[in-house]
Amino acid sequence: MRRAGRVVAEMLDRISAAVRPGVTTAELDAVGRAVLADRGATSNFLGYHGFPAVICASPNEVIVHGIPGPRVLEEGDIISIDCGAIVDGWHGDAAVTVGVGTIDAESRRLIDTAEAALAAGIAELVDGGRLGNVGEAVQRVGESAGFSVVEEYTGHAIGQAMHESPAVPNFGRRGSGAKLKVGNAYAIEPMFCAGSAETRTLTDNWTVVTLDGRRAAHVEHSIAITDDGPEILTLP
Ligand code: MG
Ligand code: MG
């Protein structure tokens, strides 16, 4: 899983570096495909329930599951890039939200808050903890910053499949949920909205957008629980 995670991290680094005004989301997908080929890894996104790409590209009002295509990124946009990799049967999964050129202050704060919530959730991944502590931490950071928390989509356990049970909601109650043990691995993925967290799925049956059209941010890491605490697997 460390090897798969490093491939995912490299994909996100190379794709983030390619984000600029004028680039299409299909071009970003091509960058991801090149990294997978370079590293001899395969995609856990391509073909997943028929998904046609190796990344999800979700600009502005798109929360998650945007399909890469001809959409051209513009100065001031934000975009979530979500991707994964399989190495020797083990999975990695991570996401970042980045700005395109200069972004407005609220968008910056939305992204920074999602990253802070992810860090707070990761800190709860300790032996003997509970999964509800993760959700509570993520929710607290998001809502105390004035943002809303998407409830229909969640993180998940991860291992020899990308999406394993249990789900990891971005909300919860301390002391509730599955007990955490050394050797477990989870993908935590806060999704916060500037406005309402009500969602709508477009007619492509993938793209999830905010109902009110306001912006959303989504970030994710895959993390293993070790004797020394949480180990983020999807770092370079
Ligand atoms: Mg993901
Ligand atoms: Mg995930």
Side-chain angles (χ1 to χ4, degrees), residues 8 11-12 15-16 19 24-26 28-29 32 43-69 71 73 77-85 91-100 103 107 110-118 121 134-135 138-139 141-142 147-158 161-164 166-172 186-223 234:
V8 176
M11 291 172 80
L12 291 176
I15 293 166
S16 297
V19 168
T24 68
T25 53
L28 300 178
D29 186 63
S43 175
N44 39 15
F45 279 44
L46 185 65
Y48 183 88
H49 296 283
F51 192 76
V54 304
I55 70 168
C56 293
S58 305
N60 298 342
E61 78 287 356
V62 183
I63 303 168
V64 285
H65 305 166
I67 300 174
R71 181 162 173 168
L73 297 184
D77 285 347
I78 63 171
I79 180 164
S80 153
I81 305 293
D82 189 356
C83 66
H91 290 245
D93 180 15
V96 293
T97 297
V98 295
V100 183
I103 61 174
S107 297
L110 182 62
I111 296 169
D112 290 347
T113 301
E115 287 175 352
L118 177 58
V134 174
V138 169
Q139 179 179 23
V141 171
F147 298 122
S148 62
V149 175
V150 175
E151 296 194 353
E152 293 101 318
Y153 302 91
T154 67
H156 46 92
I158 182 167
M162 176 163 60
H163 293 148
E164 297 186 347
V168 182
N170 291 310
F171 58 93
Y186 290 100
I188 301 179
E189 41 187 316
M191 299 159 216
F192 293 160
C193 304
S196 158
E198 276 188 280
T199 72
R200 178 169 72 88
T201 303
L202 302 188
T203 54
D204 63 18
N205 287 322
W206 282 105
T207 311
V208 178
V209 300
T210 57
L211 194 59
D212 63 11
R214 293 185 65 188
R215 290 182 171 193
H218 169 223
V219 297
E220 176 180 20
H221 273 304
S222 298
I223 306 105
T234 40

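Worth saying up front: this structure is predicted, and the values here are computed from it rather than measured.
For His218 and Tyr153, the ring centers sit 6.0 Å or farther from each other.
The shortest side-chain heavy-atom distance between Ile79 and Leu28 falls under the 4.5 Å cut-off. Looking only at side-chain heavy atoms (C-beta outward), Thr210 and Ile63 come within less than 4.5 Å of each other. Put simply, the side chain of Leu118 does not reach to within 4.5 Å of the side chain of Val141, judged on heavy atoms. Residues Cys193 and Val150 meet the side-chain proximity criterion, which asks for heavy atoms closer than 4.5 Å. Within the 4.5 Å cutoff, side-chain heavy atoms of Glu151 are placed close to those of Phe171. When side chains are defined from C-beta on, Ile78 does not count as touching Val98, because their heavy atoms never get closer than 4.5 Å. Residues Glu61 and Val209 form a side-chain contact, since some pair of their non-hydrogen atoms from C-beta on lies under 4.5 Å apart. Taking 4.5 Å as the limit, some side-chain heavy atom of Val168 sits within range of a side-chain heavy atom of Tyr186.
The shortest heavy-atom contact between Ala194 and Leu110 is N-CD1, 4.0 Å. Nearest heavy atom pair, residue Pro169 against residue Thr154, reads CA-CG2, 3.9 Å. Phe51 and Phe45 make their closest contact through CB-O, 3.4 Å (heavy atoms, listed as atom of the first residue, atom of the second, distance). Considering every non-hydrogen atom in both Gly99 and Ile111, the closest pair reads N-CD1, 4.4 Å. Minimum heavy-atom separation, Met11 to Cys83: CB-SG, 3.7 Å. For Glu189 against Glu220, the heavy-atom pair with the smallest separation is OE2-OE2, 2.9 Å.
Between the side chain of Thr97 and the main chain of Ala217, no donor-acceptor pair closer than 3.5 Å is present. The backbone N or O of Ala85 lies less than 3.5 Å from a partner atom in the side chain of Asn44, making a donor-acceptor pair. Between the side chain of Glu115 and the backbone N or O of Asp112, no donor-acceptor pair lies under 3.5 Å. Distance alone, capped at 3.5 Å, is enough to place a donor-acceptor pair between the Ser58 side chain and the Gly66 backbone. Side-chain N or O atoms of Ser107 include none that pairs as donor or acceptor with a backbone N or O of Ile103 at under 3.5 Å.
Once rounded to the nearest 0.5 Å, the distance linking CG of Asp93 with NE2 of His91 reads 10.0 Å. Distance check, rounded to the nearest 0.5 Å: CG of Leu202 to NE2 of His65 gives 12.5 Å. In this structure, the separation between CD1 on Ile158 and CD1 on Ile188 is 12.0 Å, given to the nearest 0.5 Å. Here CD1 of Ile81 is found 6.0 Å from CD1 of Ile15. Values are rounded to the nearest 0.5 Å. Separation of atoms CH2 (Trp206) and CD1 (Ile67) is listed at 7.5 Å; rounding is to 0.5 Å. Interatomic distance, Asp29 CG to Thr24 OG1, rounded to the nearest 0.5 Å: 9.5 Å.
Listed by chain and residue number, nothing satisfies the side chain to side chain donor-acceptor pair (under 3.5 Å) test with Asp82 (two or more places apart in sequence, or in another chain).
No side-chain donor from either of Arg71 and Thr25 sits under 3.5 Å from a side-chain acceptor of the other.
For residues 192-202, every residue pair satisfying the side chain to side chain donor-acceptor pair (under 3.5 Å) rule, not counting sequence neighbours, is listed here: Glu152-Thr199.
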